[in-house]
Amino acid sequence: ARLRWAQRDLDLLGTSGAQVTLEAAAANSQLDLYLTLTGPDGAVLVVNDDDGPGLNPLIEGYTLPAEGVYTVEVLSVRQAGDYTLTLTQN
């Protein structure tokens, strides 16, 4: 995917108690990404900047608190660029 400055990347239908891992990997080492996971009620649940390798964000093993549609955003601190977003259900 190509990042501008903020981009809604993924809406995911989650069930209460499901565990998910989200990871964004920048194609360019100069791209400093971070992830935001927003719940079905619109509240930001978790933000991660650099817990993955390099400057990449990682939200690992997060337990979804309710059933509904969650929104994942990938944002950049510095610049636009290409990246890969991976979602895994644990």
Side-chain angles (χ1 to χ4, degrees):
R2 178 96 180 142
L3 181 68
R4 297 205 175 120
W5 283 104
Q7 177 179 339
R8 176 184 253 181
D9 273 337
L10 177 70
D11 284 339
L12 96 101
L13 181 59
T15 56
S16 179
Q19 284 193 336
V20 296
T21 295
L22 303 161
E23 182 175 10
N28 175 341
S29 64
Q30 298 302 308
L31 188 61
D32 187 359
L33 302 174
Y34 66 100
L35 285 171
T36 301
L37 178 63
T38 303
D41 63 357
V44 174
L45 300 173
V46 63
V47 176
N48 186 272
D49 189 359
D50 295 332
D51 283 353
L55 297 175
N56 293 320
L58 172 66
I59 298 171
E60 188 168 20
Y62 183 80
T63 301
L64 302 178
E67 186 168 329
V69 177
Y70 291 78
T71 301
V72 178
E73 281 188 311
V74 180
L75 302 105
S76 175
V77 173
R78 296 187 207 167
Q79 64 189 42
D82 295 325
Y83 66 94
T84 301
L85 176 64
T86 304
L87 165 66
T88 306
Q89 184 172 348
N90 304 24

> List the residues meeting side chain to side chain donor-acceptor pair (under 3.5 Å) with Q19, not counting sequence neighbours, and say none if there are none.
T63
> Taking all non-hydrogen atoms of both residues into account, name the closest pair between G61 and N90 and its distance.
CA-ND2, 3.6 Å
> How close do D50 and N48 get, counting heavy atoms only, and between which atoms?
N-OD1, 3.6 Å
> Is a side-chain N or O of N56 found less than 3.5 angstrom from the main chain of E23, in a donor-acceptor match?
no
> Give every donor-acceptor pair under 3.5 Å between a side-chain atom in residues 27-45 and any protein atom, sequence neighbours left out.
{"unit_1": "N28", "atom_1": "OD1", "unit_2": "Q30", "atom_2": "N", "d": "2.7"}
{"unit_1": "D41", "atom_1": "OD1", "unit_2": "A43", "atom_2": "N", "d": "3.0"}

> Measuring from D51:CG to I59:CD1, what's the distance to the nearest 0.5 Å?
9.0 Å
> Should L58 and L10 be regarded as members of a common hydrophobic cluster, given that ILVMFWY residues are connected when their side-chain heavy atoms come within less than 4.5 Å of each other, either directly or indirectly?
no
> If you compare all heavy atoms of P65 against all heavy atoms of S16, which two are closest, and at what distance to 0.1 Å?
O-OG, 3.4 Å
> Flag yes if L85 and L64 sit in one hydrophobic cluster, no otherwise; membership is Ile, Leu, Val, Met, Phe, Trp, Tyr, and two members link when side-chain heavy atoms are under 4.5 Å apart.
yes
> Please examine the side chains of L87 and V72, heavy atoms only from C-beta on, and report whether any two atoms are closer than 4.5 Å.
no
> Give a yes or no on whether L12 and V46 share a hydrophobic cluster (residues Ile, Leu, Val, Met, Phe, Trp, Tyr; joining criterion: side-chain heavy atoms under 4.5 Å apart).
yes
